[in-house]
Amino acid sequence: MLGLANSLSTSGAVSEFLPHIGISDCKLAFYPDKGITVSGDKVTEWADQAGAHDAAVVATAGSGAQPVYNTTHLTFDGVNDILELHKGGSNFELDLDTSDGGWTIVMIVTCDDWDASNQVIVGVVGNSSFFIRHASGNARITAKVDGETNHMDTDSALTDGQYYCLIVTCAASGDPLTLYVDNTAQADTESLANNGKDMKIESFGHRGGTDFIDGGYKSILAWDRILTSDERDLI
């Protein structure tokens with residue numbers, strides 16, 4: 001059923017409240033009931049709701065690489081499903097700049113097996129320098145920023161099939177890389193060798209090789225600054 005995006009842009013099972021509204025500097029905002037175009041139950045396009053760029057940004061899936069849609073989430077199969085960002089018909093890399101207040105990436109996701117290794121949540125296609133993934137073992141999230149790998153252990157194991165709000169923040173100074181799980185800061189923070197570390201996003205669910213995620217997405221949001229605790233509470 002093509003063209004479902006038109007009806008879903010104004011209605012859906014998920015609340016009409018959009019967490020990024022009223023929180024400045026949002027660069028990308030993808031929700032499961034917004035901007036979805038499907039063929040059958042397969043997602044062919046997922047439209048950004050932030051409107052922060054001079055042309056529409058969409059996450060597009062090619063034939064044979066399409067996640068499954070339902071009213072609450074998108075499901076990725078862990079084999080080949082991927083959504084790649086495009087703007088004006090060309091590949092688009094979001095660059096989150098640390099020079100003016102850091103960045104925040106919010107990912108409401110689940111995995112069918114948190115013990116499985118190297119499943120990328122966000123990344124850059126064919127580029128090993130930028131991604132956020134869960135690494136081998138169900139209590140670790142890895143963020144690779146400008147080629148520098150940072151392993152952040154969660155304070156407790158993650159439960160297979162359960163959704164979590166994972167937030168990764170990078171500041172321009174101090175302890176710049178922090179992981180939040182359901183808005184609770186984890187004890188294992190990481191300091192980058194160079195505080196001025198930009199982050200790039202080009203794809204959801206894959207970055208290269210066999211690093212595909214096996215799980216589901218409820219939303220992906222990105223800000224070009226650190227969110228305050230009150231702003232995180234809104235999400």
Side-chain angles (χ1 to χ4, degrees), residues 19-30 48-55 57 59 84-87 91-109 120-135 140-154 164-208 211 217 219-235:
H20 74 278
I21 299 297
I23 304 178
S24 63
D25 301 311
C26 185
K27 297 300 181 182
L28 287 178
F30 289 87
D48 171 39
Q49 303 297 305
H53 303 281
D54 58 1
V57 176
E84 295 186 42
L85 295 183
H86 292 85
K87 184 175 76 167
N91 288 349
F92 173 72
E93 288 186 8
L94 174 67
D95 189 355
L96 299 174
D97 186 1
T98 57
S99 66
D100 57 354
W103 48 261
T104 301
I105 300 175
V106 177
M107 302 153 285
I108 301 181
V109 297
V120 170
I121 301 170
V122 297
V124 175
V125 178
N127 187 331
S128 62
S129 295
F130 301 94
F131 57 78
I132 296 174
R133 69 187 182 190
H134 71 82
R140 172 170 285 185
I141 300 296
T142 294
K144 193 165 186 179
V145 185
D146 200 13
E148 183 178 344
T149 301
N150 302 270
H151 300 298
M152 295 174 288
D153 293 332
T154 61
Y164 294 93
C165 180
L166 304 178
I167 302 177
V168 176
T169 65
C170 181
S173 61
D175 275 342
L177 200 64
T178 302
L179 170 68
Y180 297 82
V181 178
D182 292 341
N183 207 19
T184 298
Q186 304 300 285
D188 186 13
T189 60
E190 295 290 329
S191 294
L192 299 174
N194 178 355
N195 286 339
K197 290 290 188 180
D198 298 349
M199 182 66 176
K200 297 181 185 295
I201 299 175
E202 187 189 30
S203 64
F204 304 145
H206 182 57
R207 69 165 181 89
D211 286 1
Y217 290 62
S219 62
I220 302 285
L221 304 100
W223 281 264
D224 202 18
R225 64 176 176 86
I226 297 287
L227 297 188
T228 68
S229 59
D230 287 343
E231 289 169 335
R232 293 197 311 273
D233 285 343
L234 292 175
I235 301 167

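Residues: numbered from 1 along the sequence shown.
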message: Whether the side chain of Tyr180 engages the backbone of Val106 through a donor-acceptor N/O pair (distance < 3.5 Å, no angle test) should be reported.
response: no
query: With no hydrogens and no angle check, is any side-chain donor or acceptor of Asp182 less than 3.5 Å from a backbone partner on Cys165?
result: yes
message: Please identify which of these residues, Ile23, Leu96, Leu28, meets the side chain to side chain contact (heavy atoms under 4.5 Å, CB included) condition with Trp223.
response: Ile23
message: Tell me the closest heavy-atom pair linking Thr178 and Thr189, and the distance in Å.
response: OG1-CG2, 3.8 Å
- request: Output, in order, the C-alpha distance, side-chain angles, deciding distance and verdict of side-chain hydrogen bond (donor to acceptor under 3.5 Å, both in side chains) for Asn91 and His86.
  value: CA-CA 4 Å; Asn91 288 349; His86 292 85; 3.0 Å; yes
task: Return the set of residues passing side chain to side chain contact (heavy atoms under 4.5 Å, CB included) with Ser128 (not counting sequence neighbours), or none when no residue passes.
output: Lys144, Arg207
message: Quick one, Asp188 and Leu179 - any side-chain contact, counting heavy atoms below 4.5 Å?
response: no
- prompt: Less than 4.5 Å apart, any side-chain heavy atom of Gln186 and any of Thr184?
  reply: yes
message: A side-chain contact here means heavy atoms from C-beta on lying under 4.5 Å apart; do Trp103 and Val145 qualify?
response: yes
Residue pair Ile141 / Val181, side-chain heavy-atom distance below 4.5 Å: no
task: Could you tell me whether a side-chain N or O of His20 sits under 3.5 Å from a main-chain N or O of Ala222, the two making a donor and an acceptor?
output: no
message: Test of understanding: with side chain to side chain donor-acceptor pair (under 3.5 Å), list the residues that count as partners of Arg140, not counting sequence neighbours.
response: Asp153
Results of side chain to side chain contact (heavy atoms under 4.5 Å, CB included) for Lys200 - residues two or more places apart only: Glu93, Asp95, Val124, Phe130
field: Qualifying residues under side chain to side chain donor-acceptor pair (under 3.5 Å), relative to Thr169, sequence neighbours excluded
entry: none
statement: Applying side chain to side chain contact (heavy atoms under 4.5 Å, CB included) to Asp233 and not counting sequence neighbours gives Asn183, Asp230
statement: Scanning both residues in full, the closest heavy-atom pair of Tyr217 with Val109 reads CD2-CG1, 4.0 Å
query: With a 4.5 Å heavy-atom cut-off, do Val57 and Lys87 have their side chains touching?
result: yes
field: Sidechain-backbone polar pair: Glu202 side chain, Val125 backbone, donor-acceptor under 3.5 Å
entry: yes
- prompt: Looking at Phe204 versus Phe30, is the centre-to-centre ring distance below 6.0 Å?
  reply: yes
- prompt: With a 4.5 Å limit on heavy-atom distance, are the side chains of Arg225 and Ser24 in contact?
  reply: yes
- prompt: Residues in side chain to side chain donor-acceptor pair (under 3.5 Å) with Thr228, at least two apart?
  reply: Glu231
field: Donor-acceptor pair, side chain of Asp48 and main chain of Ala29, under 3.5 angstrom
entry: yes
- prompt: Quick one: does Ile108's side chain get under 4.5 Å of Ser219's, heavy atoms only?
  reply: yes
